[in-house]
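Basis for what follows: all heavy atoms, side chains included, without hydrogens, waters or symmetry-related copies. A note on names: the letters A, B, ... follow the listed sequences, proteins ahead of strands, and every chain is numbered from 1. Please read all numbers here as calculations on a predicted model, not as lab measurements.
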Amino acid sequence: MKKSVQYFTINAVERLDAEHILIEAVSPVPLQGILPGQFVNIDVEKSKTTFLRRPISIHDVDEAKNSMKIFVKAVGDGTRAIYEMQKGEKLNTMFPLGNSFSYSNSQKPLLVGGGFGLAPLYYLAKKIAQNGIRPTVIVGARNSKNIFLTEKFQDIADVHVATNDGSLGEKGMVTEHSLFTNLENFDKIFVCGPEPMMKAVGKIAVSKNVECEVSLENTMACGIGSCLCCVADTKDGHVCVCTEGPVFNIKDLKW
Amino acid sequence: MKKSVQYFTINAVERLDAEHILIEAVSPVPLQGILPGQFVNIDVEKSKTTFLRRPISIHDVDEAKNSMKIFVKAVGDGTRAIYEMQKGEKLNTMFPLGNSFSYSNSQKPLLVGGGFGLAPLYYLAKKIAQNGIRPTVIVGARNSKNIFLTEKFQDIADVHVATNDGSLGEKGMVTEHSLFTNLENFDKIFVCGPEPMMKAVGKIAVSKNVECEVSLENTMACGIGSCLCCVADTKDGHVCVCTEGPVFNIKDLKW
Amino acid sequence: MVDLSFKIKDLYFKNPVLTASGTFGYGPEFDDFVDVSELGGVIVKGTTLEHREGNPYPRMAETPSGMLNAVGLQNKGIDYFIKHIYSEIKSYKTNMIVNVSGSAVKDYVEVAEKLNHLDAIPAIELNISCPNVKEGGMAFGTSCESAQSVISAVRKVYKKVMIVKLSPNVTDIASIAKTAEDEGADAVSLINTLLGMAIDAEKRRPILSTVTGGLSGPAVKPVALRMVWQVSKAVKIPIIGLGGIMNATDAIEFFLAGASAIQIGTANFIDPEISIKVIKGIEEYMLRHNFKTIDEMVGKLEC
Amino acid sequence: MVDLSFKIKDLYFKNPVLTASGTFGYGPEFDDFVDVSELGGVIVKGTTLEHREGNPYPRMAETPSGMLNAVGLQNKGIDYFIKHIYSEIKSYKTNMIVNVSGSAVKDYVEVAEKLNHLDAIPAIELNISCPNVKEGGMAFGTSCESAQSVISAVRKVYKKVMIVKLSPNVTDIASIAKTAEDEGADAVSLINTLLGMAIDAEKRRPILSTVTGGLSGPAVKPVALRMVWQVSKAVKIPIIGLGGIMNATDAIEFFLAGASAIQIGTANFIDPEISIKVIKGIEEYMLRHNFKTIDEMVGKLEC
Ligand SMILES: Cc1cc2nc3c(=O)[nH]c(=O)nc-3n(C[C@H](O)[C@H](O)[C@H](O)COP(=O)(O)OP(=O)(O)OC[C@H]3O[C@@H](n4cnc5c(N)ncnc54)[C@H](O)[C@@H]3O)c2cc1C
Ligand SMILES: Cc1cc2nc3c(=O)[nH]c(=O)nc-3n(C[C@H](O)[C@H](O)[C@H](O)COP(=O)(O)OP(=O)(O)OC[C@H]3O[C@@H](n4cnc5c(N)ncnc54)[C@H](O)[C@@H]3O)c2cc1C
Ligand SMILES: Cc1cc2nc3c(=O)[nH]c(=O)nc-3n(C[C@H](O)[C@H](O)[C@H](O)COP(=O)(O)O)c2cc1C
Ligand SMILES: Cc1cc2nc3c(=O)[nH]c(=O)nc-3n(C[C@H](O)[C@H](O)[C@H](O)COP(=O)(O)O)c2cc1C
Ligand code: FES
Ligand code: FES
């Protein structure tokens with residue numbers, strides 16, 4: 001799909017708590033052909049202190065309604081201003097950016113998400129489900145208050161939860177979840193979350209010889225491979241996360 | 001009145017055309033003691049390209065409702081963002097700033113306004129009216145489309161209009177209005193508008209020996225006499241328009 | 001109608017809007033957004049003799065109305081450029097200009113020599129002002145003597161149009177521009193990035209892996225404008241102005257200050273279509289102000 | 001509890017937050033907004049030997065995340081200061097410091113001598129970096145030789161704490177800082193404004209009456225931080241950091257880069273209460289990061 005800059009119109013906002021928001025926005029151009037794992041780059045026009053665009057994963061696409069969803073956590077001024085947007089406002093959006101998860105060859109996929117890392121996994125789960133496969137999803141967080149969206153996954157996936165304090169699901173880190181003891185049950189793992197978490201999952205995947213893709217969140221300036229700011233260190237040297245990624249097979253990363 | 005920074009809450013907006021807006025905003029602190037000619041300095045929080053505060057005249061004060069009105073013309077990014085504000089939004093306001101028109105000794109005042117220069121004159125007219133005097137007001141503009149607020153003045157003042165194209169009121173510049181032929185009928189003129197207009201009025205006032213006060217609109221950084229950016233050249237040298245002004249008797253200016 | 005063209009020596013540019021090195025890739029990155037052939041020119045990524053991996057991540061920090069970068073001239077080297085990239089970009093119908101960087105005089109010379117042979121590369125931009133490499137780079141651009149050494153050496157071997165890109169991290173940029181002119185530069189471009197730094201207070205660490213990096217974006221525009229103005233009083237060769245240009249009005253300001261052309265850098269990241277919009281905006285301004293040629297507008301500041 | 005105090009020689013500052021010269025008037029301008037006595041110090045408006053009217057209006061241009069000023073040291077001269085202003089401000093319970101400017105060495109010396117006698121003025125800040133006056137000012141701060149001449153002359157007559165304020169418009173600020181230290185400065189403050197320019201494209205005129213002016217505000221913070229860091233490697237005397245500080249986080253960045261104290265300038269215009277908020281914010285940060293004294297935090301950047 002050709003990249004472009006478009007003004008999306010926000011047509012629904014769901015504030016999940018004081019920091020997390022799910023936004024649905026309608027595109028003025030058809031949204032056919034967006035791949036799971038791709039992201040948009042948003043110019044936050046009303047934030048004085050936000051100069052560059054902000055990369056945000058595509059959480060879901062409804063091709064019929066020509067709409068897209070994003071799931072955003074307010075961590076700084078840019079995402080805070082997005083959190084405060086209202087229905088009817090316009091979202092200056094550059095899209096679709098990045099590569100894609102390679103899910104088509106996976107029969108038993110495991111999706112692992114933490115924090116706003118869950119964002120790209122919903123559209124991935126949906127695409128997998130459209131292929132007739134029911135994926136397994138584990139969501140990890142510090143406690144039950146930081147678990148979001150699991151109910152939305154339930155229609156299309158088997159959802160498991162791990163919380164550090166045991167307030168929801170199994171107690172412990174996501175990598176301590178019982179599913180990880182039999183990781184061989186899965187043929188591919190798709191991970192998105194804080195880097196330490198992705199590295200921990202990656203390590204186990206390697207040890208158990210299960211394929212593993214991670215979605216990196218390097219800071220970006222351009223989002224289209226022109227500034228070389230967002231590079232990941234791979235076996236081929238520095239490559240742009242915004243074009244060669246954000247999804248990488250961990251065997252290509254120098255982790 | 002002590003100066004302070006307060007968040008006013010916008011409780012009414014009246015968009016007069018695509019550029020002009022009348023905003024009513026409620027103060028969290030009492031508004032007793034504001035003088036006509038004083039201004040506020042607004043931090044336009046949602047405009048990326050507006051760094052400094054923007055000085056805006058106090059158009060009206062309703063002490064009972066604790067509210068103030070401002071009349072703003074969108075000329076650049078800062079005032080455009082103010083124009084786009086909605087009821088319920090907060091206005092970061094530093095106030096009250098500047099001196100005041102000296103109207104108490106005038107029995108036959110003439111108020112002359114052009115463009116957003118009309119802004120401070122309403123509160124002045126109201127104060128004069130409270131003293132039992134009905135002021136005369138002339139509003140000048142290019143054409144009838146650029147004449148605003150005259151109906152609001154009518155209750156408290158005799159209103160005259162001059163337009164360059166004669167589409168409303170007398171045809172010609174404000175200084176060509178018939179009232180100016182008998183300027184001696186007035187004992188003081190209060191002017192606010194574009195500098196060339198104020199200078200033109202000032203010149204006639206001097207020639208007819210009528211006192212004249214003008215409200216300057218020099219660009220400002222601090223609004224409180226600390227940066228020395230806003231100076232006017234007076235017979236006493238450079239003085240701050242934000243503290244010694246914005247209102248000056250033209251006899252003090254080096255015009 | 002207005003004529004947007006200008007020339008450096010006898011090199012014709014159809015309009016005065018170029019894209020800045022390091023901010024526009026090699027061109028194809030922007031194919032989805034603009035017709036690259038409509039630009040006055042494209043200055044491709046800084047190219048060195050050898051392949052360079054650049055600096056470690058993180059290489060970027062956002063700053064108020066700007067950004068710091070510490071890319072460190074990541075590129076695959078001149079030979080790779082000639083073999084693989086040149087063929088891909090030579091069909092663009094605009095001036096494709098290579099930004100030449102190095103850590104020793106002989107590296108600059110060698111790269112320039114190789115570029116001399118490429119028909120579709122009508123000019124080079126000598127980068128003696130990159131703040132993000134340990135040796136060479138900016139060091140060449142911060143004294144007249146070292147600037148002289150690189151410029152005169154490259155001038156000997158490079159026969160086409162040679163633009164010298166100046167560093168703003170100096171006390172007196174006009175004297176360095178004068179040196180460039182004296183040594184045979186056909187034009188100067190300014191400014192490269194201002195040396196800056198960003199810190200993560202919570203982590204108590206520099207944000208960039210290299211601690212300091214190059215500041216670009218609208219934050220630097222006032223400094224860039226001032227330097228263009230100063231340099232325009234000092235040299236007769238054309239000046240290409242850049243630094244924080246975000247729209248056509250900004251571009252006009254550079255022309256008025258004395259630039260014959262401009263480059264757009266960081267703005268491409270925020271609006272990938274901006275370069276074309278700026279061309280249109282300049283044309284509109286010229287119509288409105290009755291300028292028929294770019295030349296009529298250059299330096300027309302009423303002071 | 002945390003101890004916010006610091007010292008320059010034996011001059012005690014209750015906290016490291018000062019207000020920058022030219023941005024806080026003499027103090028009373030801010031009485032409605034803050035308790036001036038709560039500040040670590042106030043650096044009053046640049047003061048010269050003679051009365052100065054400053055430059056013609058317009059003197060200010062807004063720029064992206066910053067502003068240019070060309071006030072040009074408007075002030076009523078040192079004698080007026082001593083007679084009329086001193087008595088009004090000497091009761092503030094904080095260090096009232098006078099910023100001393102001039103166009104000739106002897107002017108600086110004369111002003112410094114007069115200030116030596118004022119009990120309630122424990123220090124001066126030598127402004128060898130003002131870009132907005134024709135003679136002197138910045139010229140003194142852009143070469144080691146000229147800096148040396150002013151600093152050593154003033155040092156001979158001024159017995160109390162002498163801070164030297166450095167210009168950022170130089171290739172190598174560290175060497176100028178070193179000169180200041182060698183000539184007996186008790187501290188350096190940096191940065192003064194960057195020389196910049198703004199143009200009104202529609203009117204085709206410079207916005208400032210003086211064409212160029214001094215850039216301040218968050219736009220310059222990355223440059224200021226880098227310079228503080230460079231100077232901290234070069235000198236042992238305390239550094240007072242400033243340039244674009246808008247909040248406590250910005251201030252912390254300067255401490256980590258090597259400053260022992262900071263000044264707040266342009267931010268006072270946007271939030272007249274900011275100086276006091278920054279003091280509170282620094283205290284909170286220190287509690288959170290377990291710093292007990294400012295000194296523990298200075299230069300604690302993990303590179
Ligand atoms: C490909 C990609 C996809 C992303 N998808 C999403 C998403 O779907 N939903 C979402 O909420 N966020 C997502 N992010 C992260 C999001 O872009 C950042 O949170 C955002 O840029 C922060 O901007 P800010 O102005 O709010 O905060 P800033 O003020 O820029 O930063 C605030 C704090 O967050 C940290 N931070 C900034 N950027 C990142 C980052 N990229 N990763 C981790 N920490 C960061 C900073 O170090 C700082 O401590 C994604 C990032 C990338 C690269
Ligand atoms: C004491 C005082 C009271 C004022 N009262 C009002 C008021 O009640 N209503 C109102 O609409 N405006 C008023 N103004 C003018 C208002 O402050 C400016 O229009 C505003 O600052 C412009 O900001 P901006 O970001 O929209 O435009 P900018 O982008 O800053 O400027 C846009 C254009 O407007 C011009 N401009 C900027 N500032 C001024 C100015 N001060 N005077 C004239 N032209 C200017 C610029 O040169 C530029 O061409 C007042 C100004 C002062 C000093
Ligand atoms: C990410 C990035 C990479 C850059 N790489 C180069 C480079 O390789 N060679 C060069 O001469 N300048 C390089 N620059 C500097 C720009 O070409 C330009 O001089 C500078 O960014 C100022 O212009 P701007 O404010 O419009 O971006 C780079 C700038 C950025 C932001
Ligand atoms: C309006 C204005 C006037 C200034 N006047 C002086 C001055 O008289 N003496 C001086 O040393 N610095 C002066 N400065 C520079 C500031 O003290 C400070 O060094 C600079 O603004 C950078 O800090 P900031 O970004 O926090 O404002 C002035 C700055 C401004 C904005
Ligand atoms: S963000 Fe610019 S190359 Fe990836
Ligand atoms: S605006 Fe600062 S002194 Fe008037």
Side-chain angles (χ1 to χ4, degrees), chain C residues 61 63-68 131 142-143 167-172 194-206 209-215 217-230 244 246 248-257 285 288-289 297 300-303, chain D residues 61 63-68 131 142-143 167-172 194-206 209-215 217-230 244 246 248-257 285 288-289 297 300-303:
Chain C
T63 64
S65 296
M67 61 178 278
L68 289 164
T142 52
S143 85
S167 170
N169 299 294
V170 295
T171 309
D172 181 8
L194 273 167
L195 193 63
M197 177 172 172
I199 292 174
D200 185 325
E202 287 308 316
K203 299 199 184 110
R204 291 187 243 152
R205 299 171 67 95
S209 69
T210 47
V211 184
T212 59
L215 182 65
V220 310
K221 194 187 73 169
V223 174
L225 267 181
R226 179 263 293 183
M227 289 185 164
V228 165
W229 189 71
Q230 288 177 323
M246 298 296 283
T249 307
D250 293 337
I252 300 293
E253 293 169 18
F254 279 83
F255 294 122
L256 296 173
Y285 176 91
R288 195 147 38 80
H289 284 255
M297 185 163 59
K300 287 295 148 52
L301 195 67
E302 294 168 30
C303 293
Chain D
T63 66
S65 297
M67 62 178 276
L68 290 163
T142 52
S143 86
S167 170
N169 300 295
V170 296
T171 310
D172 181 8
L194 274 164
L195 194 62
M197 179 170 170
I199 291 173
D200 185 323
E202 287 308 317
K203 301 200 185 110
R204 292 186 244 153
R205 299 171 66 94
S209 68
T210 47
V211 184
T212 60
L215 181 64
V220 310
K221 193 187 74 169
V223 174
L225 266 181
R226 179 263 294 184
M227 290 186 164
V228 165
W229 189 71
Q230 289 178 323
M246 298 296 283
T249 307
D250 292 339
I252 300 294
E253 293 168 20
F254 278 83
F255 293 122
L256 295 173
Y285 177 92
R288 195 149 37 80
H289 284 256
M297 186 163 58
K300 286 296 146 52
L301 194 68
E302 293 169 29
C303 293

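Only the side chain of Val211(D) comes within less than 4.5 Å of a heavy atom in chain C; its backbone stays farther off. For a residue to count as touching a neighbouring chain, one of its non-hydrogen atoms must lie under 4.5 Å from one of that chain's; by this rule Ala257(C) touches chain D with backbone and side chain alike. With a 4.5 angstrom heavy-atom cutoff, Phe254(D) does not touch chain C via any of its atoms. For Leu225(C), the parts lying near chain D are the backbone and the side chain together; criterion is any non-hydrogen pair under 4.5 Å.
Between Ile199(C) and Leu256(D) the shortest heavy-atom distance is CG2-CD1, 3.9 Å. The minimum heavy-atom distance linking Ala219(D) with Leu215(C) is given by the pair O-CD2, 4.0 Å.
Each of Ala61(D), Gly196(D), Ser209(D) has some count of heavy-atom pairs under 4.5 Å with chain C, and the biggest count is that of Gly196(D). Of the listed residues (Arg205(D), Arg204(D), Glu253(D)), the greatest number of heavy-atom pairs within a distance under 4.5 Å of chain C belongs to Arg204(D). Options Thr249(C), Ile252(C), Val223(C) differ in how many heavy-atom pairs under 4.5 Å they form with chain D, and the most are formed by Val223(C). Considering only heavy-atom pairs separated by less than 4.5 Å from chain C, the leading option among Met297(D), Arg288(D), Glu202(D), Gln230(D) is Glu202(D).
Looking at Asn169(C) and Arg226(D), their side chains come closer than 4.5 Å, going by heavy atoms from C-beta outward.
Atom CG of Leu301(C) is separated from atom CG of Asp200(D) by 10.0 Å, given to the nearest 0.5 angstrom.
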